Amino acid sequence: MSLYNQMDRFPKIGMVFRMPELPEVETVVRTLKKLVLNKEIESVDVYWDNIIATPQLEAFKQAVIGQKIIDISRRGKYIIFNLTSKTLISHLRMEGKYFVYDNDVKKDKHSHVIFKFSDNGQLHYNDTRKFGKMYLYDESEALKILANVGLEPWDKNLKATYLKRKAKNRRITIKQFLLDQSVISGIGNIYVNEILFLTNLHPETIVNTISTLKFNQIITTTQAVLQEAIDQGGTTIRSYTSSLGVSGLFQQSLNVHNLAGSPCPVCSSEIIKITVAQRGTYLCPSCQRKK
DNA sequence: AGTACTACCCGAACGC
DNA sequence: TGCGTTCGGGTAGTAC
């Protein structure tokens, strides 16, 4: 399949992330920092109440008005907006995305929260599936909640011994374990499939049977896979920052995800799709044998 | 405590 | 301009 055809699978409006995991969220954060830092929120319009998880809608609106965006960062898959005296946390879930505009525009059908800035610019939260959530906290409260998120993939405390301890006495599969955001934060369904392929692990391997050596391999592979994706996002983002501020994952760089029926890039066996914990799971049955 | 299941959503894909 | 059904996926909540 040509590159052109692959690009064509993305939605019509620019290149937009589907299933944003850590690298995509990181790219969104970097882009937003370029576009909306230091802007003051003059008003906010909410078109789908359930996006606002906390506090109650009216309290959320009242608290956010007049706040300035001081900093934007990321923790796992959470986007953190440090406002003047509040912390706005945003999770994109499946298809959440942000559009930035210089002027007033007619909103897209799927834009559900619109922040209007004092300089007439706007930040639109757009989410086809309406799965995403926003949380507004006092700073101390936000820190408390974020402390419960698992280790970042590059945290110096992320070691095989840590994973061994977390896996002890647990009977879940390695796939479920790596998707557990309280262990490592940021891995989603696409990259977990890739990480397990690159480490030659069957996704249904029971996690407490995994060796220290293998956990070390998982850590280095996770870091490499996520870093590569961030780097790709970083290279594609430049041409889009002026318009929508979004970018796409280059799916042609994936080895197994969404590639059932294709040959394994290592051994040419046919990649299969199975279901693990109700998630679509792609693997090479030859490279990833069940132990 | 750990595990499993479900709700939340709706566009795409599929079956007829 | 076909219509009805099924699927998927991250996290929170619930049940055991």
Side-chain angles (χ1 to χ4, degrees), chain A residues 5-6 8-13 16-26 28 46-55 57 74-80 89-97 108-113 125-137 142 144-150 152-153 163-196 203-210 226 229 249 251 254 256-261 272-282:
Chain A
N5 285 334
Q6 298 227 0
D8 217 37
R9 293 198 307 235
F10 289 106
K12 294 283 184 282
I13 311 168
V16 176
F17 292 130
R18 305 186 66 183
M19 269 169 59
E21 302 185 25
L22 186 152
E24 291 75 28
V25 175
E26 176 66 24
V28 168
V46 179
Y47 296 91
W48 190 262
D49 298 2
N50 283 351
I51 302 287
I52 311 300
T54 188
L57 185 58
R74 176 192 62 72
R75 183 75 174 83
K77 300 176 202 169
Y78 292 95
I79 298 170
I80 304 161
I89 299 177
S90 165
H91 197 299
L92 305 176
R93 296 278 183 105
M94 305 299 305
E95 296 195 22
K97 51 196 85 78
D108 179 81
K109 178 185 174 190
H110 302 297
S111 288
H112 308 304
V113 182
Y125 176 72
N126 185 289
D127 189 345
T128 311
R129 295 281 185 276
K130 299 174 174 169
F131 263 29
K133 297 285 178 207
M134 287 186 197
Y135 314 78
L136 187 72
Y137 298 115
K144 214 184 302 172
I145 282 161
L146 292 170
N148 295 324
V149 179
E152 289 289 318
L163 293 179
K164 266 280 192 192
R165 180 159 47 80
K166 285 281 190 182
K168 204 179 175 192
N169 297 330
R170 299 196 68 182
R171 302 291 302 164
I172 54 171
T173 63
I174 181 60
K175 171 155 187 177
Q176 290 169 286
F177 185 73
L178 292 178
L179 286 174
D180 183 343
Q181 303 297 301
S182 72
V183 179
I184 303 175
S185 60
I187 303 171
N189 198 45
I190 295 177
Y191 294 121
V192 75
N193 284 330
E194 294 299 304
I195 291 162
L196 293 173
E204 289 175 314
T205 307
I206 299 301
V207 73
N208 71 357
T209 67
I210 291 176
L226 299 182
L249 169 72
Q251 301 213 352
L254 300 176
V256 290
H257 184 82
N258 216 11
L259 290 169
I272 59 166
K273 181 183 184 184
I274 63 172
T275 299
V276 179
Q278 298 164 311
R279 293 283 173 271
T281 302
Y282 301 85

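Keep in mind that this is a model prediction, so the values were computed, not measured. In the text below, chain A, chain B and the rest are named by the order of the sequence lines, each starting its count at 1.
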Pairwise 5' ranking along DNA chain B for A:Trp48 and A:Lys168, keeping only the more 5' one: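 Upstream on the strand: A:Lys168.
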With DNA chain B as reference, determine whether A:Ile172 or A:Arg279 sits nearer its 5' end, using the nearest nucleotide of each.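 With A:Ile172 and A:Arg279 compared, the 5'-side residue is A:Ile172.
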Length of the [atom1]-[atom2] vector between [X] and [N], whole Å:
X	N	atom1	atom2	value
A:Asp180	C:dG10	CG	P	13 Å
A:Ile184	C:dG10	CD1	C1'	17 Å
A:Phe177	B:dA4	CZ	C1'	18 Å
A:Asp108	B:dC10	CG	P	14 Å
A:Asp127	B:dG11	CG	P	11 Å
A:Leu179	B:dG2	CG	P	18 Å
A:Leu92	C:dT11	CG	P	11 Å
A:Gln278	C:dG9	CD	P	11 Å

If the cut-off is 4.0 Å, is [X] near the phosphate of [N], judged by side-chain N/O to OP1 or OP2?
X	N	answer
A:His91	C:dT11	yes
A:Asn50	B:dC8	no
A:Gln176	B:dA4	yes

On the side chain of A:Arg93, is there an atom forming a donor-acceptor pair with the base of C:dG9 - under 3.5 Å, no angle test? no
Distance flag, aromatic centroids of A:His91 and A:Tyr78, threshold under 6.0 Å: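 Yes: the rings meet the under 6.0 Å criterion.
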Out of [options], which nucleotide sits closest to the side chain of [X]?
X	options	answer
A:Lys77	C:dG10, B:dC9, B:dG2	C:dG10
A:Arg129	B:dC9, B:dA4, C:dG10	B:dC9
A:Phe131	B:dC9, C:dT11, B:dG11	B:dC9
A:Lys273	B:dG2, B:dG11, C:dG8	C:dG8
A:Lys130	B:dC10, C:dT11, B:dC8	B:dC10

Check every strand shown and say whether A:His112 touches a base, only sugar-phosphate, or nothing at a heavy-atom separation below 4.0 Å.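 Touches nothing.
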Which part of the nucleic acid, if any, lies within reach of A:Lys133 when heavy atoms closer than 4.0 Å are counted: base, sugar-phosphate only, or nothing? nothing
State, without any angle test, whether A:Asn258 and A:Lys273 hold a side-chain donor-acceptor pair at a distance under 3.5 Å. no
Check A:Asp180 with A:Arg170, please: is the shortest side-chain N to carboxylate O separation under 4.0 Å?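 Salt bridge present between A:Arg170 and A:Asp180.
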Residues A:Glu152 and A:Arg75 bridged, charged N to O under 4.0 Å: yes
For the residue pair A:Tyr135 and A:Tyr137, does the interplanar ring angle fall in the parallel (under 30°), tilted (30 to 60°) or perpendicular (over 60°) class?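 Correct class here is parallel.
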